[in-house]
Amino acid sequence: MIQVIENKGLKIETLKKRNDFLRVANANRKWVTPAMVVQTCMQPENDDHIIRVGFTASKKVGNAVQRNRAKRRMREVVKRVMAFSAEKKHDYVIIARKEIADLPFNELIRDLKWALKRLHKSAGKSGSRNN
RNA sequence: UCAGAUGACCGGAAGAUCGCUGCUGCCUUUGUGGUAGAAGAGGAAAGUCCGGGCACCACGGAAGAACGGUGCUGGUUAAUGGCCAGCGAAGGUGACUUCAGGGAAAGUGCCACAGAAAAUAUACCGCCAUUUAUUUGGUAAGGGUGAAAUGGUGCGGUAAGAGCGCACCGCCUUUCUGGUGACAGAAAGGGCAGGGUAAACCCCACCGGGUGCAAAAUCGAAUAGGAACGACUGGCUACGGCCGCUUAUCUUUCGGAGUGUCGUUCGGGUAGAUUGCAUGACUUGGCUGGUAACAGCCAAGCUAGAUGAAUGAUCUUACAUCAGGAUUUAGAUAAUAAAUCUUGAGGACAGAACCCGGCUUAUAGGUCAUCUGACGCU
């Protein structure tokens with residue numbers, strides 16, 4: 001797994017600015033899975049080796065303990081999936097849903113892979129539109 | 001053994017793999033680097049309800065008014081509405097618990113319904129005397145109303161009654177004794193002053209300036225705009241403009257637009273960064289004083305510091321606990337209890353955000369200490 005990262009030369013950073021979150025949300029490319037919602041768009045700056053990922057857990061997920069746990073699980077999933085199935089020059093935002101605390105970890109990995117696949121496929125086929 | 005009361009404590013464990021945060025050492029291509037090491041959430045981190053430290057703002061000092069808060073006494077503390085020790089009242093067989101516990105003889109307001117009468121009192125049925133009378137007078141024992149009706153019980157007394165008199169209890173005043181005090185006890189005097197409500201206004205005593213670390217300080221880009229200086233650049237003016245010049249190439253006319261540009265410096269202080277920011281009313285242990293809260297002294301220690309917010313994720317193993325099933329033992333082939341095996345579920349409330357002291361609320365399950373009552377045994 002580490003080798004994959006090295007081969008592709010990709011580096012994962014986290015999104016921190018509110019503006020970035022809004023930009024990704026407005027791009028209107030998203031895929032919904034039982035545990036989370038995945039949004040994506042192209043990066044404005046051109047650095048080939050960086051993928052940026054933002055995490056959102058609103059109050060709907062639960063209290064502070066449950067929100068933090070949701071973010072940590074998302075971060076772990078991203079670490080294992082994004083390294084070899086993300087696209088260069090893209091920003092991603094992952095929004096937690098209530099079920100994220102209860103679902104098994106393997107299912108989260110499978111769902112994120114599937115969501116990324118669908119997003120990239122639809123981007124290639126029909127531009128930026130996806131409902 | 002059972003049922004309680006009070007106080008204190010724990011609040012998941014072990015292993016493997018992969019990470020995150022700042023710190024220290026070394027290396028270093030000085031970077032958002034590499035590597036090694038030790039460290040990294042709570043009893044409530046929560047609610048943001050009180051009290052402080054700290055910072056800024058306002059303000060000459062002090063007192064008062066207004067507003068808000070507190071409200072038995074003494075102590076403790078940086079401080080409190082907290083805590084400790086007492087007092088009083090209420091509850092409990094008891095250990096013990098609860099109390100918004102100053103003033104109702106400073107004044108004002110309110111008290112439904114019932115009732116004669118709910119407060120400058122008064123007399124419905126009664127009782128007694130008197131009278132021709134359904135009259136007049138005396139009474140407040142008894143009845144009735146109500147949450148509440150001029151203190152209670154007994155004896156005397158009387159026409160009937162009544163603190164009218166007496167005894168005891170209650171109440172009020174004064175004095176004495178004990179206590180720092182809240183208050184307690186005793187004696188003497190007074191026939192009794194008179195409902196509730198102050199979580200109604202109010203009175204009395206004491207306390208309180210405001211805003212909060214997104215406070216505040218330092219450094220400080222980029223863009224736009226501002227000021228000063230220098231270089232080059234057209235005049236007139238009555239300050240409204242007019243003429244001139246420029247606007248990709250030559251000449252003329254008309255219309256529109258422009259009339260300054262460049263460089264340096266300064267100030268403002270935005271994004272961002274650093275400080276504030278963890279050596280403190282600190283933690284642990286011991287000794288001394290104190291009933292205790294707590295205080296003093298000595299020794300040792302350094303124990304989270306994030307900022308879209310680290311302190312974990314995944315897997316495995318037992319274990320507490322819960323539910324179902326089976327077997328054995330006790331028991332009446334019952335109910336039930338205990339033990340063993342097995343299958344499944346499964347770890348509460350909850351995440352530091354400047355820091356402390358409290359309070360309140362949430363919390364699966366478990367441990368310990370002291371004490372009380374009941375039963376049994378000696």
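A, B, ... follow the sequence lines: proteins, then strands. Residue 1 opens every chain.
- Atom P of U6(B) sits at a distance of 14 Å from the matching atom of C84(B), rounded to the whole Å.
- Across all strands shown, U259(B) forms a Watson-Crick or G-U wobble pair, both distances under 3.5 Å, with G244(B).
- On the P atoms, C54(B) is 45 Å away from A104(B), given to the nearest whole Å.
- Applying the 90° cutoff around 0 to the glycosidic angle, A374(B) is assigned anti.
- Comparing the P positions of A352(B) and A306(B) gives a spacing of 16 Å, expressed to the nearest Å.
- Straight-line distance from the CZ atom of Arg67(A) to the C1' atom of G312(B): 18 Å, rounded to whole Å.
- For the pair Val78(A)/Ile94(A), a side-chain contact is recorded, criterion being any heavy-atom separation below 4.5 Å from C-beta on.
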Side chain to side chain contact (heavy atoms under 4.5 Å, CB included) between Val93(A) and Thr56(A), worked out | CA-CA 7 Å; Val93(A) 169; Thr56(A) 297; 4.2 Å; yes
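- Atom CD1 in Ile95(A) sits roughly 13 Å away from atom C1' in G308(B) (whole-Å rounding).
- Taking atom C1' on both C113(B) and A118(B), the two are 13 Å apart, rounded to the nearest angstrom.
- Between the P atoms of C294(B) and G358(B), the separation comes to 8 Å (whole Å).
- A106(B) makes up no base pair with any nucleotide shown, lacking Watson-Crick or G-U wobble contacts both under 3.5 Å.
- A glycosidic torsion no more than 90° from 0 defines the syn conformation; A182(B) lies beyond that range and is anti.
- Checking Asn106(A) against Ala57(A), the closest nucleotide of RNA chain B that is more toward the 5' end is the one next to Ala57(A).
- The base-pairing partner of C204(B), taking Watson-Crick or G-U wobble contacts with both distances under 3.5 Å, is G71(B).
- The base-pairing partner of C282(B), taking Watson-Crick or G-U wobble contacts with both distances under 3.5 Å, is G301(B).
- The partner of U251(B), taking Watson-Crick or G-U wobble pairs whose two distances both stay under 3.5 Å, does not exist in any strand shown.
- For U303(B), the base adopts the syn conformation, since its glycosidic angle falls within 90 degrees of zero.
- Residue Leu108(A) contributes atom CG, which lies 11 Å from atom C1' of U314(B) at whole-angstrom precision.
- Searching all strands for a Watson-Crick or G-U wobble partner of U131(B) with both distances below 3.5 Å returns nothing.
- Using C1' as the reference atom, G301(B) and G34(B) are 33 Å apart when rounded to the nearest Å.
- Checking the phosphate oxygens (OP1, OP2) of A309(B), a side-chain nitrogen or oxygen of Arg75(A) falls inside 4.0 Å.
- The closest side-chain heavy-atom distance from Tyr92(A) to Leu116(A) is below 4.5 Å.
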Could you list the protein-to-nucleotides 344-353 of chain B atom pairs, N/O on both sides, closer than 3.5 Å?
none

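- When the C1' atom is compared between A362(B) and A45(B), the two are found 14 Å apart, to the nearest whole Å.
- In this structure, CD of Gln39(A) is placed 20 Å from P of G308(B), rounded to the nearest angstrom.
- Distance Lys71(A) NZ to U21(B) P: 15 Å, rounded to the nearest Å.
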Is there a side chain to side chain contact (heavy atoms under 4.5 Å, CB included) between Leu112(A) and Thr33(A) once you walk through the steps?
-> CA-CA 8 Å; Leu112(A) 182 61; Thr33(A) 76; over 6 Å; no
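- Taking the O4'-C1'-N9-C4 or O4'-C1'-N1-C2 dihedral as appropriate, G43(B) has a value within 90° of 0 and is therefore syn.
- For Arg73(A) and C315(B), the CZ to C1' distance is 13 Å, given to the nearest whole Å.
- The separation of U76(B) from C168(B), taken at their P atoms, amounts to 47 Å, rounded to a whole angstrom.
- Under the Watson-Crick and G-U wobble criteria, each requiring two contacts below 3.5 Å, nucleotide A186(B) is paired to U175(B).
- Across the strands present, A13(B) finds its partner in U317(B); the criterion is a Watson-Crick or G-U wobble pair with both atom distances under 3.5 angstrom.
- With contacts defined as side-chain heavy-atom distances shorter than 4.5 Å, the pair Gln39(A)/Ile95(A) qualifies.
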Kindly determine whether Arg73(A) and Arg69(A) satisfy side chain to side chain contact (heavy atoms under 4.5 Å, CB included), including the steps that lead there.
-> CA-CA 6 Å; Arg73(A) 292 194 94 191; Arg69(A) 180 171 154 79; 4.0 Å; yes
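- In this structure, G240(B) shows a glycosidic angle within 90 degrees of zero, which is the syn conformation.
- With rounding to whole Å, Glu76(A) atom CD is found 14 Å from A310(B) atom P.
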Could you walk me through whether Phe55(A) and Arg75(A) pass the side chain to side chain contact (heavy atoms under 4.5 Å, CB included) check?
-> CA-CA 8 Å; Phe55(A) 304 96; Arg75(A) 224 174 276 143; 3.8 Å; yes
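- With a 4.5 Å cut-off on side-chain heavy atoms, Arg118(A) and Val38(A) do not count as touching.
- Neither OP1 nor OP2 of G312(B) sits under 4.0 Å from any side-chain N or O of Arg69(A).
- Once rounded to the nearest 0.5 Å, the distance linking OG1 of Thr40(A) with NZ of Lys30(A) reads 14.0 Å.
- Taken from CD in Gln66(A) to CG in Asn68(A), the straight-line distance is 10.5 Å, to the nearest 0.5 Å.
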